[in-house]
S.K.: 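Here you go, one structure.
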Amino acid sequence: MNNCLITNALVLPMTEKRESFAGYVRVTDGIIAAVGHGAAQISGDEQIVDAAGCALLPGLVNAHTHLYQVLLRAVWEDLELMPWLKRIYGCARVLRPEHFYAGSLLGCLEAIHSGVTTVYEHNFLNPSPECAFETIRAMQQSGLRAVFARTIMDTGEIVPDCTKEKPEQAFRRIEEILARHKPSEQLQFMTGPNTPPINTTPDLLREIRRFADDKALGISAHVAESHSVVECVRREHGTSGVVEFLHQFGIPAANSVFAHSVHVSPAEIAILKETGTSVSHNPVSNMMLGDGVAPVVEMLRQGVNVALGTDGAASNHSQDLFDTMKAASLLQKVHHQDAGIIDSYAVLRMATAGGAKALGLSSVCGTIETGKRADLVLIDLDTVHSQPLNDVFSQIVHCAKASDVRTVMVDGKFLMRDHQLVAHDGKKVLADARQANRDLMERVSRLSF
Ligand SMILES: [Zn+2]
């Protein structure tokens with residue numbers, strides 16, 4: 001049965017209007033058919049989901065991750081970006097397609113358990129074309145709405161040869177992906193440079209812009225993540241910042257998503273705003289790698305769209321967007337030494353509508369509104385850490401935990417119901433991921449970094 005009525009919920013639509021109300025949502029053929037206050041009239045042909053004690057939110061959007069990295073949780077610890085990246089990149093010499101599949105599927109299940117309904121994979125290690133295919137297969141099997149950004153590296157001292165590509169070779173491989181998977185609202189594709197300029201030449205950037213325009217693809221990139229990247233762009237290209245550098249090649253644009261954007265100047269924030277570029281803020285990863293604090297408040301004030309991401313589990317170490325929301329809130333407050341600098345509604349908007357906008361999915365998901373696809377989550381508020389309820393937005397951001405996510409629906413289909421995965425054998429996915437991790441760690445142990 002495709003149709004259902006979610007009743008007795010505390011509905012948080014997450015539109016521009018800050019509101020919550022006791023009410024219901026009716027889902028018909030995967031679409032939000034009605035949103036209302038109070039009780040709904042029950043028709044005979046729909047299943048009823050009693051959401052008493054729960055908040056009903058649009059599904060969260062994880063706007064930047066590397067799913068396979070769940071296999072690399074807590075493997076390379078206490079390292080700054082460059083020495084850490086040297087290991088992450090070096091790992092490509094032994095990464096196999098089956099590692100990508102097993103890790104990505106576990107990463108997707110962790111996302112579902114954390115109330116995520118859309119996941120944005122920034123793919124950057126492709127020692128063989130099958131690595132991308134296996135990641136996409138896992139994302140599709142998970143049932144999540146997915147955006148797969150297949151990015152490119154063509155230079156860099158720490159980049160292994162097996163992942164360096166000539167532009168035409170990389171574009172051919174992306175065309176193979178597009179030939180095999182027709183883009184849809186459920187699965188979209190992007191391209192991009194990985195971490196300019198440390199692993200991309202100016203020629204590649206020029207070619208990427210041309211290719212992206214030709215194929216109508218958005219662009220994903222890691223931008224100005226640490227001081228070391230900014231030092232590199234100054235030293236090698238004579239521009240004051242990474243956004244300024246990328247602007248020469250037309251990379252900032254309305255369909256571009258820049259992860260991190262930690263070290264960006266006010267002039268560069270103006271470029272982001274002018275070009276309509278979105279930023280994916282990854283506070284936990286930035287703190288873990290000691291990168292710095294992204295100027296999120298300044299970007300929001302200037303009207304830049306900011307989304308939230310976990311980043312890969314190798315630098316997070318989870319895929320938990322509740323952790324990320326709380327970190328995003330607290331990091332700005334302590335950085336500015338001003339408790340009022342950012343409010344919970346703004347943070348929750350970044351994790352929902354902001355994420356959907358960044359990925360070009362504003363008309364599809366990100367808010368609870370009639371006509372959008374039914375990507376919905378129920379969060380249990382009847383818990384020792386969320387009661388009594390005074391400010392639901394603050395309490396979702398600061399009190400709720402991923403383990404409170406009771407039910408997850410994408411496109412009107414249940415992925416998790418009453419804490420139980422609907423279509424996946426979680427134990428098997430865990431066992432397969434442990435096996436993949438053992439195999440990968442054995443291979444990694446033979447590498448020298
Ligand atoms: Zn990343």
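Predicted, not measured: the structure shown is a model, and the values here were computed from it. Only heavy atoms go into these numbers, but all of them, side chains included; no hydrogens, no water, no symmetry mates. Just so you know, ligand 1 is whichever comes first in the structure, and atom 1 is the first atom listed for that ligand.
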S.K.: So, are R234 and E231 salt-bridged, with charged N and O less than 4.0 Å apart?
M.R.: no

S.K.: I'd like to know whether NZ of K273 has more than 12 heavy-atom contacts from other residues, nucleotides or ligands below 6.0 angstrom.
M.R.: no

S.K.: Can you name the one residue among Q435, K428, R434 that meets side-chain hydrogen bond (donor to acceptor under 3.5 Å, both in side chains) with D432?
M.R.: K428

S.K.: Looking at K333, I'd like to know if its NZ atom is crowded, meaning that more than 12 non-hydrogen atoms belonging to other residues, nucleotides or ligands lie closer than 6.0 Å.
M.R.: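 Counting neighbours around NZ of K333, more than 12 heavy atoms of other residues, nucleotides or ligands fall under 6.0 Å, so yes.
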
S.K.: Taking the six-membered ring for Trp, are H66 and H222 parallel (under 30°), tilted (30 to 60°) or perpendicular (over 60°)?
M.R.: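 H66 and H222: tilted rings.
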
S.K.: Quick one: side-chain contact (heavy atoms from CB on, under 4.5 Å) partners of R443, sequence neighbours excluded?
M.R.: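 Partners of R443 by the side-chain contact (heavy atoms from CB on, under 4.5 Å) criterion, ordered by chain and then number, come out as V94, R96, H99, D439, R446.
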
S.K.: Which protein N, O or S atoms lie under 2.8 Å from the Zn ion (ligand 1), given by chain and residue number?
M.R.: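 Listed by chain and number, the atoms are H64 NE2, H66 NE2, H222 NE2, D311 OD1.
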
